[in-house]
*Asks:* 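Can you keep this structure in mind? I'll have questions shortly.
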Amino acid sequence: MNRILRHPAANGICISLFSAFYALIFIITSGHREFTNLLYYSRHPQIDSFWGSWSGFLAAGRHAYIAYGLLAITILVVMLLFLRRKAYDEYHTALLIQCLIVALVLTLIAIAAFFLIILSDANGIVEKFTFFITIHWATVVLADLTYVTLCRWK
């Protein structure tokens, strides 16, 4: 695994595939009638809460902007990775593993919070799952950006 992580191209390909998958889903579902019909809180506007606002955001198709923003960060990460022509050394590989571990821990915390949120109120599962995916995707992309930025200065 360390041998694969030493190559910036492997990191760039992985983060690109990951972001392309989520971006495709976010952009396709943005403004899509079937997706909008699945949203619970947008059909119940009397519920005034964070989830009502988030549902309105999704119903308006604005989650495409999240996809564009995270794609822009992904493109920045990939450009920085491909500008580095040589393989990373053991120090950089260990730093990448630490960044990925931080992303993993934050994702596990988000999974636990997501589970508790669903247990407390199962309504609005689409809104809640979309929020979880947004947090997860942002965590991974920002962890990779942190890694690439730290490796540029060391």
Side-chain angles (χ1 to χ4, degrees), residues 1 4-32 34-36 38-42 47-84 88 92-154:
M1 181 68 146
I4 293 172
L5 292 176
R6 291 186 70 192
H7 300 285
N11 188 352
I13 290 169
C14 289
I15 195 73
S16 296
L17 290 174
F18 181 77
S19 286
F21 173 75
Y22 281 138
L24 183 66
I25 291 172
F26 273 51
I27 292 168
I28 287 175
T29 59
S30 174
H32 197 273
E34 288 180 25
F35 179 78
T36 305
L38 292 173
L39 300 174
Y40 174 78
Y41 292 102
S42 66
I47 301 173
D48 188 31
S49 67
F50 168 78
W51 295 116
S53 299
W54 177 248
S55 185
F57 181 83
L58 295 174
R62 294 190 185 112
H63 54 291
Y65 297 123
I66 293 171
Y68 297 137
L70 290 173
L71 276 176
I73 295 171
T74 301
I75 290 169
L76 175 64
V77 168
V78 170
M79 285 176 27
L80 291 172
L81 283 168
F82 282 120
L83 286 175
R84 181 178 180 93
Y88 289 113
H92 292 117
T93 305
L95 188 60
L96 174 59
I97 290 171
Q98 289 174 352
C99 287
L100 292 176
I101 288 172
V102 168
L104 175 67
V105 167
L106 291 174
T107 299
L108 291 173
I109 291 169
I111 288 170
F114 176 66
F115 183 62
L116 288 174
I117 290 168
I118 296 302
L119 284 178
S120 67
D121 181 17
N123 294 321
I125 188 75
V126 173
E127 291 96 325
K128 293 171 183 173
F129 194 72
T130 304
F131 186 71
F132 166 73
I133 292 300
T134 302
I135 297 293
H136 169 63
W137 183 15
T139 301
V140 171
V141 171
L142 292 175
D144 210 3
L145 178 63
T146 301
Y147 165 71
V148 171
T149 305
L150 288 174
C151 287
R152 302 278 307 156
W153 288 316
K154 299 218 182 213

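None of these values were measured; they are calculated from a predicted model. Side chains are part of it too, since the values below use all heavy atoms of this structure and drop only hydrogens, waters and symmetry mates.
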*Asks:* Would the Y40 and W51 ring centres measure less than 6.0 Å apart?
*Replies:* no
*Asks:* What distance do L38 atom CG and H32 atom NE2 have between them, rounded to the nearest 0.5 Å?
*Replies:* 10.0 Å
*Asks:* Enumerate the ring-ring contact (aromatic ring centres under 6.0 Å, His included) contacts for residues 109-128, please, sequence neighbours excluded, ordered by first and then second residue.
*Replies:* F114-F129, F114-F132
*Asks:* Looking only at heavy atoms, what is the nearest atom pair of A23 and L71, with distance?
*Replies:* CB-CD1, 3.5 Å
*Asks:* Sequence neighbours excluded, which residues qualify as side-chain hydrogen bond (donor to acceptor under 3.5 Å, both in side chains) partners of T134?
*Replies:* none
*Asks:* Going by heavy atoms in the side chains, are Y22 and H136 under 4.5 Å from each other?
*Replies:* yes
*Asks:* Answer yes or no: is there a side-chain heavy-atom contact under 4.5 Å between P8 and F82?
*Replies:* no
*Asks:* Can you tell if the side chain of I133 reaches within under 4.5 Å of the side chain of F26, non-hydrogen atoms only?
*Replies:* yes
*Asks:* So which atom in I27 and which in A67 form the shortest heavy-atom distance, rounded to 0.1 Å?
*Replies:* CG1-CB, 4.0 Å
*Asks:* Can you confirm whether or not the ring centre of F131 sits under 6.0 Å from the ring centre of F57?
*Replies:* no
*Asks:* If you round to the nearest 0.5 Å, how far is CG of N123 from OG of S55?
*Replies:* 11.5 Å
*Asks:* Could you tell me which non-hydrogen atom of I135 sits nearest to which non-hydrogen atom of A110, and how far apart they are?
*Replies:* CG2-CB, 4.3 Å
*Asks:* Using only atom types and a distance under 3.5 Å, with no angle test, would you say the side chain of T130 pairs donor to acceptor with the backbone of V126?
*Replies:* yes
*Asks:* By the salt bridge (charged side-chain N to carboxylate O under 4.0 Å, His left out) test, which pairs, at least two apart or in different chains, include something from residues 57-74?
*Replies:* none
*Asks:* Applying the side-chain hydrogen bond (donor to acceptor under 3.5 Å, both in side chains) criterion to D144, which one of T149, T74, N11 satisfies it?
*Replies:* N11
*Asks:* Going from CG on L145 to CG on L70, what distance comes out if it is rounded to the nearest 0.5 angstrom?
*Replies:* 11.0 Å
*Asks:* Any side-chain to backbone donor/acceptor pair from S120 onto I117? Under 3.5 Å, distance only.
*Replies:* yes
*Asks:* When you measure from the side chain of K128 to the backbone N and O of A122, does any donor-acceptor pair fall under 3.5 Å?
*Replies:* no
*Asks:* For the CD1 atom of I66 and the CG atom of L58, what is their distance to the nearest 0.5 Å?
*Replies:* 7.0 Å
*Asks:* In this structure, is the centre-to-centre distance between the rings of Y41 and W54 below 6.0 Å?
*Replies:* no
*Asks:* Show the numbers, then the answer: is there a side-chain contact (heavy atoms from CB on, under 4.5 Å) between V102 and Q98?
*Replies:* CA-CA 6 Å; V102 168; Q98 289 174 352; 5.7 Å; no
*Asks:* What I'd like to find out is whether the side chain of V141 reaches to under 4.5 Å of the side chain of S19, using heavy atoms alone.
*Replies:* yes
*Asks:* Once the angle between the rings of H63 and F35 is folded into 0 to 90°, is it parallel (under 30°), tilted (30 to 60°) or perpendicular (over 60°)?
*Replies:* tilted
*Asks:* To the nearest 0.5 Å, what is the distance between OH on Y147 and CD1 on I15?
*Replies:* 12.5 Å
